[in-house]
Amino acid sequence: QVLARELGRPEWQRQALHHAALWHDIGRVDDGVDPLHGSRSAGRVIGLGLHAGLDGQVREAALFAVTYHSLPDQAGEEAALATADPAGFAATLRLFKDADGLDRVRLGDLDPAFLRHAEARDRVARAWELYEEWN
């Protein structure tokens, strides 16, 4: 949310990012490499009805970010072309992947070079601080 506000993202993107953050790993079975956990997570969201009642654009962007967050950037960029708002969905996904990437501190392998936004790279030290506070 902080990154989205700092980057001046519209309200629908901030809401989509919020829901994507809540849902993105509910299909994960372990911390190992699992490129399909995003699509499993999106399926669980739908199966549980967690998306019910959301604005259509928010719902679709959140599910898109959840589905593609665990896949290579190119897969998400290409898939975004088939959405109602290719630029908006791609931007939401890129920002979500950065926010999720900051959580890699818990795995000990956060590489700032893989973050897409300078604003995310500026938060690496804070990510480590938060991790240390909770462990």
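The first residue of the sequence shown is numbered 1, and numbering continues consecutively from there.
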Please check: side-chain N/O of [X] versus main-chain N/O of [Y], any donor-acceptor pairing under 3.5 Å?
| X | Y | result |
| --- | --- | --- |
| Arg14 | Arg9 | yes |
| Asp85 | Gly88 | yes |
| Ser70 | Gly38 | yes |
| Arg121 | Pro112 | no |
| His19 | Ala16 | no |

Listed by chain and number, what are the side-chain hydrogen bond (donor to acceptor under 3.5 Å, both in side chains) partners of [X], not counting sequence neighbours?
| X | answer |
| --- | --- |
| Asp98 | Arg116, His117 |
| Asp109 | Arg104 |
| Glu129 | Arg126 |

Counting only pairs under 3.5 Å, give me each side-chain donor-acceptor contact of residues 51-59, with atom names and distances, residues two or more places apart or in other chains.
residue : atom : partner : partner atom : Å
Asp55   : OD2  : Gln57   : N            : 3.1
Asp55   : OD2  : Val58   : N            : 3.3
Arg59   : NH1  : Leu54   : O            : 3.4

- Query: Taking only residues two or more places apart in sequence, or in another chain, which ones meet Phe64 in a ring pair (Phe, Tyr, Trp, His ring centres under 6.0 Å)?
  - Reply: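 Applying ring pair (Phe, Tyr, Trp, His ring centres under 6.0 Å) to Phe64 gives Tyr68, Phe89.
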Can you measure from [atom1] ([X]) to [atom2] ([Y]) and round to the nearest 0.5 angstrom?
| X | Y | atom1 | atom2 | result |
| --- | --- | --- | --- | --- |
| Ser41 | Ile46 | OG | CD1 | 11.0 Å |
| His69 | Phe96 | NE2 | CZ | 5.5 Å |
| Glu60 | Thr92 | CD | OG1 | 12.5 Å |
| Asp103 | Leu130 | CG | CG | 10.5 Å |
| Leu95 | Gln1 | CG | CD | 9.0 Å |
| Phe114 | Asp111 | CZ | CG | 5.0 Å |

- Is the closest basic N to carboxylate O distance between Arg5 and Glu119 below 4.0 Å?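 Answer for the salt bridge query: no.
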- Message: Here's a test for you: under side-chain contact (heavy atoms from CB on, under 4.5 Å), which of Val29, Asp25, Ile26 qualifies with Arg40?
- Response: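 Among the candidates, only Val29 passes.
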- Task: Indicate the atoms forming the closest heavy-atom contact of Leu71 with Ala75, along with that distance.
- Result: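 Shortest heavy-atom contact: CB-CB, 4.2 Å.
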- Message: How about CD on Gln74, more than 12 heavy atoms from neighbouring residues, nucleotides or ligands closer than 6.0 Å, or not?
- Response: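 Counting other residues, nucleotides and ligands, CD of Gln74 stays at 12 neighbours or fewer.
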- Message: List the residues meeting salt bridge (Lys or Arg N to Asp or Glu O under 4.0 Å) with Asp122, not counting sequence neighbours, and say none if there are none.
- Response: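 Asp122 satisfies salt bridge (Lys or Arg N to Asp or Glu O under 4.0 Å) with no residue once adjacent residues are dropped.
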- Task: Find out whether His24 and Asp100 are in side-chain contact, i.e. whether some heavy atom of one side chain is under 4.5 Å from a heavy atom of the other.
- Result: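 SC-SC contact between His24 and Asp100 confirmed.
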- So Lys97 and Asp73, salt bridge (Lys or Arg N to Asp or Glu O under 4.0 Å) or not? Walk me through it. CA-CA 9 Å; Lys97 288 182 84 153; Asp73 287 357; 2.8 Å; yes
